[in-house]
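For clarity, every value in this text was computed on a predicted model and none was experimentally measured. Below, chains carry the letters A, B, ... as their sequence lines are ordered, and counting in each starts from 1.
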Protein chains: 2
Amino acid sequence: MVKAKVIYKPLMTGGLAKQIAERIRESITDGRLKADDRLPTEEELARQFQVSRPTIREALKRLAAQSLIRSRRGATGGSFINRPSREEVSSNLTTATALLVSLGEFKIPEILEARQELELLCVRQAVSRCGQAELDTMAREVDYQQRESISDEDFCASDVRFHRALADATHNSVLKFVMFTVIEALQPIENMVVYRVRERKVIARQHEEILAALRVKDEAAAAETVREQTAYLRERFDAAQAMRKSHSKFRPAEPA
Amino acid sequence: MVKAKVIYKPLMTGGLAKQIAERIRESITDGRLKADDRLPTEEELARQFQVSRPTIREALKRLAAQSLIRSRRGATGGSFINRPSREEVSSNLTTATALLVSLGEFKIPEILEARQELELLCVRQAVSRCGQAELDTMAREVDYQQRESISDEDFCASDVRFHRALADATHNSVLKFVMFTVIEALQPIENMVVYRVRERKVIARQHEEILAALRVKDEAAAAETVREQTAYLRERFDAAQAMRKSHSKFRPAEPA
DNA sequence: GGCCTTTATTTGTCAAACAAATTTACATTG
DNA sequence: CAATGTAAATTTGTTTGACAAATAAAGGCC
């Protein structure tokens, strides 16, 4: 007697709207729909999918939230496959990455390490490609960072601009895109380290060293300083953590 | 006589549903709402925002498409702030990013170069961190890629899995996230090169070499093969472009 | 205690109506 | 003929109201 082998097909889950959105997304992914193509009207889609128009609308809202379509009212209106800008996609990526960061999905040491590796990658490319414009930007920021009167916030903003200039110096738009996203997304963490415990002078000096190394195309020196800066940040962050721990233990009286 | 300076305030655009989704999203990103928190019911949100329930639903669909919330029916149902996985978030972002890539926003040489640099970064990390699981995955894919009966599509899918295993081998979740997103986003370009002109045997052999180098922790050898693979892809793509150019010039008669 | 049924609750879907935005076509005026 | 205004057509955006589907909890029965 042989036991019959029973195969169960996967259930259709997730609701109609989600399934419809997924179907339309596939037709974008597989190239059947291109940027600026117009989707059928909501009424027509409802007829084709044999569902109600509000269900179609819910599906379209899902697609809009992923920047895959945009909609417009009127005689020549409709829903169109979006032609996303670099800024739009980067902004979505940044938001999503920052959310993962804030949820603690990435551990601080991992973040610092990844940042270091990506920076090293930039340095490697920048050494042979740096233009005067990027060097000038970095120099300007280094000068700015050495002022004692600027706020922590402004110092952080300058830090971002310095690292963006470094990414610009790769002269590779894909790498720039990736780096800008990472730099922006990691700002909340950077702020945590930088804003509270940062020794500005050390950071500014390190930036100056990176800049000097790039000027003379000394990749090894620049890389060394990047590593040094990461180690310094790691140390500063650990110190901030330790201080926070001892604070919560002893609960000193709060001044008025 | 001084001309009065007229200031126009920005119009509220994007529809009610979009605005509501944005409001709720802000309360997530600014920490007021945490993972697993329950939102008010749809009816209650409709009351609070003074809009209809379908409008709330449309807003919630936007949030769901960004993996920020998940919903469930029933007595203890409702919409809950999601704790998204990295895979889930990455998956939401890849179609829009791939769309950007397919629009020619990035030049092919830049793409290939960036891909190479990011791969080299992975190799650098993977050499000292690779676990047996990743090696096994890569070996499985190399075997699979050597079969002659698989479709081009399946070969490409296996290629993706190989490179994802390499990213896994870094054991750094930030890098994994970045790499997964980049690998997926570059698929349209990869398909262009791979699908039409790919010499599968060459690619599979190169994967095998990378794997062998990782097994014996030979970073230099692995890096060399990554560079070789990029050069090969560049050459294959150039050949595909040249062939397309000569075709369009002479317009041969089309077979029936 | 285990199992079944009922109830309450919330999201999911549908139908129908009207509003808002947009373009096009047509009429009027100078 | 050009400029301006109005009406019509079309599509998305929003509302109201109803019912379906899914789920957990409570209560009853054995």
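- Salt bridge B/Asp168/B/Arg129: absent, no basic N to carboxylate O contact under 4.0 Å.
- Once rounded to the nearest 0.5 Å, the distance linking NZ of A/Lys61 with CD1 of A/Ile69 reads 7.5 Å.
- Atom CD in A/Gln19 sits about 14 Å away from atom C1' in D/dA21, given to the nearest Å.
- Residue-to-nucleotide proximity on DNA chain C shows that, of B/Arg38 and A/Thr55, the 5′-proximal contact is made by B/Arg38.
- Counting to the nearest Å, the C1' atom of D/dT15 and the CZ atom of A/Arg57 are 11 Å from each other.
- Using a 4.0 Å heavy-atom cutoff across all strands shown, A/Leu60 reaches no nucleic acid atom at all.
- Using cut-offs of 30° and 60° on the angle between ring planes, the pair B/Phe162 and B/His207 is parallel.
- At whole-Å resolution of the value, CZ in B/Arg72 and P in D/dA24 are 6 Å apart.
- Side-chain contact of B/Glu44 with B/Gln48: a donor-acceptor pair under 3.5 Å is present, judged by distance alone.
- Looking only at distances, a side-chain donor or acceptor of B/Gln50 sits under 3.5 Å from a matching main-chain atom of B/Arg47.
- A/Asn92 and B/Leu93 make their closest contact through O-CD2, 3.9 Å (heavy atoms, listed as atom of the first residue, atom of the second, distance).
- How far CD of B/Gln66 is from CG of B/Asn82: 12.0 Å, rounded to the nearest 0.5 Å.
- Between the CD atom of B/Glu43 and the C1' atom of D/dC19 there is a distance of 14 Å, rounded to whole Å.
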Footprint string (nucleotides 15-20 of chain C, 5' to 3'): B base within contact, S backbone only, - free, heavy atoms under 4.0 Å: --B--B
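- Nearest to the side-chain atoms of B/Leu16 among the listed nucleotides C/dT23, D/dT15, D/dT11 stands D/dT15.
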Which atom pairs link the protein and nucleotides 25-27 of chain C when you take only N or O atoms and keep those under 3.5 Å?
none

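- Shortest non-hydrogen contact noted between A/Pro84 and B/Ala96 is CG-O, 3.9 Å.
- Atom P of nucleotide D/dA22 and atom CZ of B/Arg70 are separated by 19 Å, given to the nearest angstrom.
- Rounded to an integer number of Å, the gap from CZ of A/Phe80 to C1' of D/dT12 is 11 Å.
- To the nearest angstrom, P of D/dT10 lies 16 Å from CD of A/Glu42.
- Here A/Lys18 does not reach the OP1 or OP2 of C/dG12: none of its side-chain N or O atoms lies under 4.0 Å away.
- Considering only side-chain atoms of A/Ser71, the nucleotide from D/dT12, D/dA24, C/dT23 that sits closest is D/dT12.
- Side-chain proximity of B/Thr41 to C/dT24, C/dT11, C/dT13: nearest is C/dT11.
- Remark: A/Phe180 pairs with no residue by the ring pair (Phe, Tyr, Trp, His ring centres under 6.0 Å) rule, at least two apart or across chains.
- The CD1 atom of B/Ile56 sits 15 Å away from the P atom of C/dT10 (whole-angstrom rounding).
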